[in-house]
Colleague: 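I have a structure here, written as structure tokens, and I will follow up with some questions on it.
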Amino acid sequence: MEHGFFQKVYEIVRRIPYGRVTSYGAIAEFLGSRGSARMVGWALNSTKDSTGDIPAHRVVNRNGLLTGKRHFGGKDLMKELLESEGLIIEDDRIINFKEKFWDPKVEI
DNA sequence: AACTTGACGGTCA
DNA sequence: ATGACCGCCAAGT
């Protein structure tokens, strides 16, 4: 197993509690200078090859917008996954984002 | 080796 | 509120 930037990202994403969400930037910030928000999105992109135990749908952009939805199967798979966890989504935006936001640097 | 492309975010007009 | 720009940096071409 490697311990590169990607692995660190996976570790954090796996820790996002059910029904909560975080942002690419928050993860990048938590990892310090080891990466930018773009890198986090990149890391998640490669989870498609991975085993699939990574809840990538719980990562959205800083505005609670489902910017990564097109990388999931189906038309609205990402949205459906989040809704099934109790989040309210309207026009690809998480309405109760602030309440559901989980910040790794304060909650870990 | 050079250029483009992003699941991003902050700043400024 | 909206849009342009810039920094970010690994991968693909």
Colleague: If you check the A/M39 side chain, which of C/dC9, B/dA7, B/dG9 turns out closest?
Modeller: C/dC9
Colleague: How many Å lie between CG on A/N61 and C1' on B/dG10, as a whole number?
Modeller: 13 Å
Colleague: With distance as the sole criterion, is a donor-acceptor pair present between the side chains of A/H57 and A/E85 under 3.5 Å?
Modeller: yes
Colleague: If hydrophobic clusters are built from ILVMFWY residues whose side chains come within less than 4.5 Å, do A/L82 and A/W102 share one?
Modeller: no
Colleague: Rounded to whole Å, how long is the line connecting atom CZ of A/F5 with atom C1' of C/dC9?
Modeller: 10 Å
Colleague: Which whole-number value in Å describes the distance from A/F101 CZ to B/dG9 C1'?
Modeller: 13 Å
Colleague: Send over the distance from A/L66 CG to B/dA7 P, rounded to a whole Å.
Modeller: 14 Å
Colleague: Rounded off to whole Å, could you give me the CZ-to-P distance for the A/F97 and B/dG9 pair?
Modeller: 8 Å
Colleague: Given B/dG9, B/dA7, C/dC9, which nucleotide is nearest the side-chain atoms of A/A37?
Modeller: B/dG9
Colleague: How many Å lie between CE on A/M78 and P on B/dA7, as a whole number?
Modeller: 12 Å
Colleague: Identify whether any heavy atom of A/F6 sits under 4.0 Å from a base atom; if not, whether one sits that close to sugar-phosphate; answer base, sugar-phosphate or nothing.
Modeller: nothing
Colleague: Sticking with atom C1', work out how far B/dA7 lies from C/dT2, rounded to a whole angstrom.
Modeller: 22 Å
Colleague: Does the side chain of A/Y10 come under 3.5 Å of the side chain of A/S46 through a donor N or O and an acceptor N or O?
Modeller: yes
Colleague: Which nucleotide in the set C/dC8, B/dG9, B/dA7 lies at the smallest distance from any side-chain heavy atom of A/S36?
Modeller: C/dC8
Colleague: Salt bridge or not for A/D91 and A/R93, using N-O below 4.0 Å?
Modeller: no
Colleague: Just how far, in rounded Å, is P of C/dC9 from CG of A/N45?
Modeller: 19 Å
Colleague: Taking all atoms of both residues into account, what is the closest heavy-atom pair of A/A56 and A/T47, and its distance?
Modeller: CB-OG1, 4.4 Å
Colleague: Applying a 3.5 Å limit to both distances, which nucleotide forms a Watson-Crick or G-U wobble pair with B/dA7?
Modeller: none
Colleague: Could you give the CZ-to-P distance, from A/R70 to B/dG6, as a whole number of Å?
Modeller: 7 Å
